[in-house]
Amino acid sequence: PPWIGEWTHMTDLYLGANRFRGTVPQGLETLEHMNYLDLGDNELSGRFPDLSRMQDLRYLSANNNLFTGPLPAGLGTLANLIDLRLDYNSMTGPLPRELGGLTKVEYFNLSNNSFDGAIPPELGSLPNVYAISLWGNRLNGTIPKELGNLPNLQFLDLSYNALRGPIP
């Protein structure tokens, strides 16, 4: 409901695997104490919300929805985020270079969207990431050599894009 923003002390919200439709109410963006947000496996649509006020957020799942448009650059300010799951949507545009600010992220999945442009070299600044999945987008250009600097990387899936050039 639109009044969801009135739940100012909300820290964990599990709404996954339902049949919610429509856009995410703007009030959700104001929940500053959110730690865990699961919107996955619904039919939510429209632009993905700007969650940059959720500085305590550690887990974000909004996969398997119908989100469109660009990914908000403010997502890269979520310094405490550990798990990011935005796969299986219809988001477009370039990946924001600000995503390199997710220095605590361990699991990073933006696969099966329609992101285009180059993979930001700033993703090579994610010291804790062990899995990056960007398959099934429209990414082009070369694989940034900076991805080779990720000390904990165990899983990298860049398949089904339009990447070219050498593998660093």
Side-chain angles (χ1 to χ4, degrees), residues 13 16 24 26 28-32 34-40 44-165 167-168:
L13 184 59
V24 174
Q26 282 187 324
L28 182 75
E29 297 177 2
T30 65
L31 299 176
E32 297 178 2
M34 192 63 67
N35 187 356
Y36 189 104
L37 179 59
D38 184 356
L39 302 173
L44 297 170
S45 58
R47 291 185 178 261
F48 190 75
D50 180 6
L51 305 177
S52 59
R53 293 180 69 180
M54 296 183 180
Q55 290 299 306
D56 295 333
L57 195 63
R58 296 171 49 86
Y59 178 88
L60 173 58
S61 176
N63 59 320
N64 293 313
N65 277 291
L66 304 169
F67 289 113
T68 58
L71 194 59
L75 192 65
T77 66
L78 301 177
N80 290 306
L81 195 64
I82 293 173
D83 197 313
L84 175 63
R85 298 168 190 257
L86 299 178
D87 50 309
Y88 288 91
N89 279 287
S90 297
M91 290 187 268
T92 59
L95 295 176
R97 60 179 166 68
E98 289 84 358
L99 293 175
L102 300 174
T103 56
K104 290 187 180 177
V105 76
E106 296 174 4
Y107 185 83
F108 184 97
N109 191 344
L110 301 179
S111 60
N112 204 26
N113 277 282
S114 292
F115 293 118
D116 58 25
I119 298 172
E122 289 81 3
L123 293 185
S125 303
L126 306 176
N128 296 309
V129 72
Y130 70 85
I132 295 177
S133 184
L134 297 172
W135 71 269
N137 282 289
R138 297 177 182 161
L139 299 171
N140 55 51
T142 59
I143 300 171
K145 67 179 184 327
E146 289 82 358
L147 293 184
N149 299 332
L150 298 171
N152 294 308
L153 190 64
Q154 299 173 27
F155 178 86
L156 177 63
D157 192 345
L158 303 176
S159 58
Y160 297 99
N161 280 290
L163 299 169
R164 58 177 163 65
I167 298 173

Pairwise side-chain contact, L158 with L139, heavy-atom cut-off 4.5 Å (strictly under): no

Indicate every side-chain donor-acceptor pair of residues 118-131 with a distance under 3.5 Å to a residue at least two apart or in another chain.
unit_1 : atom_1 : unit_2 : atom_2 : d
S125   : OG     : E122   : O      : 3.4
N128   : ND2    : T103   : O      : 3.0

Residues which pass salt bridge (Lys or Arg N to Asp or Glu O under 4.0 Å) with E32, listed by chain and number, not counting sequence neighbours: R53

CZ on R47 to OG1 on T68, rounded to 0.5 Å: 6.5 Å

Check: D87 main-chain N/O paired with N109 side-chain donor or acceptor under 3.5 Å: no

Greater than 12 external heavy atoms within 6.0 Å of Q26's CD: no

Separation between OG of S61 and CG of L84, rounded to the nearest 0.5 Å: 9.0 Å

Flag side-chain contact, heavy atom, 4.5 Å: L78 against Q55: yes

Validation row: L95, N137 side chains within 4.5 angstrom (heavy atoms): no

Side-chain donor or acceptor of N89 paired with backbone N/O of A62 under 3.5 Å: yes

All side chain to side chain contact (heavy atoms under 4.5 Å, CB included) counterparts of S114, not counting sequence neighbours: T92, R138

From CG (L13) to CG (D38), nearest 0.5 Å: 8.5 Å

G74 to D50 - nearest heavy-atom pair and separation: CA-OD1, 4.2 Å

R97: salt bridge (Lys or Arg N to Asp or Glu O under 4.0 Å) partners, not counting sequence neighbours: none

Any V105 side-chain heavy atom under 4.5 Å of L99 side chain: no

S52 side chain near E29 side chain, heavy-atom distance below 4.5 Å: no

Residue pair Y160 / N112, side-chain heavy-atom distance below 4.5 Å: no

Heavy-atom donor-acceptor pair, N65 side chain to L44 backbone, under 3.5 Å: yes

Pairs involving residues 143-164, ordered by first then second residue, that meet salt bridge (Lys or Arg N to Asp or Glu O under 4.0 Å) (sequence neighbours left out): none

Between OH on residue Y88 and CG on residue N64, distance to nearest 0.5 Å: 7.5 Å

Listed partners of R58 passing salt bridge (Lys or Arg N to Asp or Glu O under 4.0 Å), at least two apart: none

Heavy-atom side-chain contact between E98 and L75 under 4.5 Å: no

Working for side-chain contact (heavy atoms from CB on, under 4.5 Å), residues F67 and N113: CA-CA 9 Å; F67 289 113; N113 277 282; over 6 Å; no

Sidechain-backbone polar pair: N161 side chain, S159 backbone, donor-acceptor under 3.5 Å: yes

Nearest-0.5 Å distance, CD1 of residue I82 to CD of residue E106: 5.5 Å

L71 CG to F115 CZ distance, which is reported to the nearest 0.5 Å: 4.5 Å

Residue pair P168 / P144: nearest heavy atoms and the distance that separates them: CG-O, 3.8 Å

Close side-chain approach of L156 to L150, heavy-atom, < 4.5 Å: no

Where L57 and Y59 come nearest, the two heavy atoms and their spacing: CD1-O, 3.5 Å

